[in-house]
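First comes the structure, then the notes that go with it.
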2 protein chains.
Amino acid sequence: MARASTRPTSRDVAEAAGVSQAAVSLVLGEKWRGRVSAATAERVREAARTLGYRPNLAARNLRLGRTRTVLLVVPALTTEFFAGVYTGAARVAAAHGFGVVLYPSPEGIGPARDPFASAQAALDGVLASSMAADALTAIRGDQLPLVMLDSDPDGSLGAATVNLDITDGVRQVAEHLLGLGHRRFLHLAADVASWTFEIRARELAARVGAVPGTTVRTAPAPISIEGARAAAEAALSAPGPRPTAIVCDDDKLAAGAYKAARRLGLRIPDDISVTGLDDLALATAIDPELTTVRLDAELFGERGMQALLAVLEGRAPARGDIPVELVVRGSTAPPAVA
Amino acid sequence: MARASTRPTSRDVAEAAGVSQAAVSLVLGEKWRGRVSAATAERVREAARTLGYRPNLAARNLRLGRTRTVLLVVPALTTEFFAGVYTGAARVAAAHGFGVVLYPSPEGIGPARDPFASAQAALDGVLASSMAADALTAIRGDQLPLVMLDSDPDGSLGAATVNLDITDGVRQVAEHLLGLGHRRFLHLAADVASWTFEIRARELAARVGAVPGTTVRTAPAPISIEGARAAAEAALSAPGPRPTAIVCDDDKLAAGAYKAARRLGLRIPDDISVTGLDDLALATAIDPELTTVRLDAELFGERGMQALLAVLEGRAPARGDIPVELVVRGSTAPPAVA
DNA sequence: CCGCTGAAGTTTTACGTATAACGTCCTTCG
DNA sequence: CGAAGGACGTTATACGTAAAACTTCAGCGG
């Protein structure tokens, strides 16, 4: 008597097809050329189909010692950007027969502080954003192959890195604004300790500092519209000559800058220019539409996953930063003549 | 000689602690009361710690016949809303020792059309949004425990359902606008075939239709700012008396409506009122801030996961819709007197 | 006619874990 | 004082799969 409620196993298929379990494994694994006759192979496939057989992945993973599953570590995930990264990474992974499990690092997740306990799956490798700093120490503990996203290339983790060319993006923003004639800048900076934000500040200072007579004031702000609004409003109300352009570390901060400007009665771009970074949906929802740097989040995820798969196969991951593109919209214009 | 590069197993721990593998399993599984002395237990834990032992989950899953992993099926994931659903679901799952693997249903993912092949993990259950319609047939094929999110309670899948009280949200919107004096409505509707959108249209028609002298025109639009702008602009330019309020199926559509109004020289809320549904970050980024219905995406994910866990444990999932809340902001006002 | 090769399978084993079933002692009580 | 039971383990087994090692047999060249 066959077991009732249990899912069919390869042995059940074997019995139905009148062959051994090994033959089933060979046929379904496409390793049967010269080992099993075509007729028998078809019989096995037919039996598997009618029984609705699905291989038990836990057993397969145990046997093979690998899982074809990788972990993607991101901060929070509540952002459009990392949703895009996930989408790109998952697409590439799927094309190679890999699955992706997610670990959104901070408060979002429950008591299981350990990414590897939380992601119940057994893993082959890890793709991690540098912004998920709190999870990195735990990750370093394991010996799993690791590829970092947007991390210091000389980082202490000694892992391969895939980067967006943020430096170039900031350079494009700086030259765009300088070219329009701006000289007094406010840098609305994300108050997050992460390499990807540090280079924004560094490159902006370098580019703008190269032009005599320019000034850059920096206002740190939490990455939220309301927090950015408060920080920008305070900075714009400070004594001294008012900046003519606000360079924001990302689009959400720029949305906050819009609100600050509106409260202070400043019109964009007539009285003050604003730039963002990301090109989220938000950028075209606000009025005027935001001049910003487009980051291709999905491509970023794809490249990251390709690099990780390369590492898993023992190949060297491709080098080279991912290009970004300045998108000029209505939020920037020449400064009003004083 | 111990094997070199391989990860330590429970047998390695046993050897190091001078006990049997079974004892290690008992101690680490916290099943040792009255079976192993406290001193021995501590010795085992110490050995596990120094070796950096981590149980092989594939082996455990095979042995136990369950994986403590569930699949979350959502459309695309590129939205803030489903990112929130994931976050809430993952939090509850983690608190119960479960992992969550994601299947974003449509084009995003590679050639593996089959959610269960794509999600490499072996699964215990499925939590699925009704919007991921294309994956549902595949899901129905398997016998896995299933809980639906925002689906027709009388649906043909015969699965438990967890719903946001969208009907009540639409009712609140309708009464808010009717109370302000609006009588001519434009319904900017998502052109997605899904139960959750169908009930929006149905409830709006019911509430507004109950008041004599009201009219509702419907304009279907793709869920994107630009698509919504085009649809709204066309509808507002149509002959006949202009609507005084636009009711949008979600916030993104509302952002499109804003752009249409701006193009036509209509001021919000003076010339026309607009409402959304979701309360995304977008809602407070645009000017004026959007009157919308707040959906608690994380709570939705939490409740959904709680229901699925209940089903997995053989308990009956809790009944009752999740309350939603109208948030009145600056985009609605009484209609201008004709 | 013998031995060899290749086709077509089968038998067996290992992956690492959890737990049922089975041994020892040592204490304790009728 | 004998037996019963607890305390403290160990041995053995099964989960389902993949693949290495083995068997059987037909055909064929020398």
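FYI, side chains are in, hydrogens and waters are out, and symmetry mates aren't considered; it's all heavy atoms of this structure. Here is how names work: the chains are called A, B, and so on, in the same order as the sequence lines, proteins then strands, and each is numbered from 1.
The nearest whole Å value for the distance from the NZ atom in A/Lys31 to the P atom in C/dG9 is 19 Å. In this structure, CG of B/Leu26 is placed 13 Å from C1' of D/dA7, rounded to the nearest angstrom. Between the CD atom of B/Gln21 and the C1' atom of D/dA12 there is a distance of 11 Å, rounded to whole Å. Spacing between atom CZ of B/Arg11 and atom P of D/dT10 amounts to 13 Å, rounded to whole angstrom units. Protein atom CG of A/Asn61 is 13 Å distant from nucleotide atom P of C/dG16, rounded to whole Å. In this structure, A/Leu28 atom CG and D/dG16 atom C1' are separated by 13 Å, rounded to whole Å. Across the protein-nucleic acid pair, B/Glu30 atom CD and C/dT19 atom C1' stand 16 Å apart, rounded to whole Å. Atom-to-atom, CH2 of A/Trp32 to C1' of D/dT17 comes out at 20 Å; the value is rounded to the nearest Å.
Between B/Ser20 and the phosphate of D/dT10, there is a side-chain N or O to OP1/OP2 separation shorter than 4.0 Å. Side-chain nitrogen and oxygen atoms of A/Ser25 include none within less than 4.0 Å of the OP1 or OP2 phosphate oxygen of D/dA19. For the pair A/Ser37 and C/dG9, the criterion of a side-chain N or O lying under 4.0 Å from OP1 or OP2 is met.
Of the candidate nucleotides C/dT19, C/dG16, C/dG9, C/dG16 has the atom lying nearest to any side-chain atom of B/Ala59. Each of D/dA19, C/dG9, C/dT17 was ranked by its minimum atom distance to the side chain of A/Leu64; first place goes to D/dA19. The side chain of B/Val19 approaches D/dT10 more closely than any other nucleotide in the set D/dT17, C/dG16, D/dT10.
Residue A/Gly65 is out of contact with every strand shown, counting any heavy-atom pair closer than 4.0 Å. Within the 4.0 angstrom heavy-atom criterion, no nucleotide atom of any strand lies near B/Val24. Across all strands shown, B/Leu62 has heavy atoms under 4.0 Å from base atoms, whether or not it also approaches the sugar-phosphate.
For the residue pair A/Met305 and A/Ala89, the shortest heavy atom distance occurs at CG-O, 3.5 Å. Across all their heavy atoms, A/Val100 and B/Val101 have their closest contact at O-CG2, 4.2 Å. Closest approach of B/Phe98 to B/Thr69, counting heavy atoms only: CD2-N, 3.9 Å.
Between A/Gln306 and A/Leu309 there is no side-chain heavy-atom pair separated by less than 4.5 Å. Contact of the A/Leu295 side chain with the A/Phe300 side chain is not registered, since no non-hydrogen atoms from C-beta on lie closer than 4.5 Å.
With hydrogens and angles ignored, the 3.5 Å screen pairs no side-chain donor or acceptor of B/Ser194 with any backbone N or O of B/Val192. The main-chain N or O of A/Val70 is never found under 3.5 Å from a side-chain atom of A/Asp124 such that the two would form a donor-acceptor pair.
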Taking only N/O atoms, report every protein-nucleotides 23-28 of chain D pair under 3.5 Å with atom names and distance.
none

Return the polar atom pairs (N/O with N/O) between nucleotides 20-24 of chain C and the protein under 3.5 Å, or none.
{"unit_1": "C/dA21", "atom_1": "N6", "unit_2": "B/Arg35", "atom_2": "NH2", "d": "3.4"}

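Here CZ of B/Arg91 is found 4.5 Å from CD of B/Glu298. Values are rounded to the nearest 0.5 Å. A distance of 12.5 Å separates CG in B/Leu51 from CZ in B/Arg7, rounded to the nearest 0.5 Å.
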Name every donor-acceptor pair, under 3.5 Å, that has one atom in a side chain of residues 33-40 of chain A and the other anywhere in the protein, sequence neighbours excluded.
{"unit_1": "A/Arg33", "atom_1": "NH2", "unit_2": "A/Glu30", "atom_2": "O", "d": "2.0"}
{"unit_1": "A/Ser37", "atom_1": "OG", "unit_2": "A/Thr40", "atom_2": "N", "d": "3.2"}
{"unit_1": "A/Ser37", "atom_1": "OG", "unit_2": "A/Thr40", "atom_2": "OG1", "d": "2.9"}

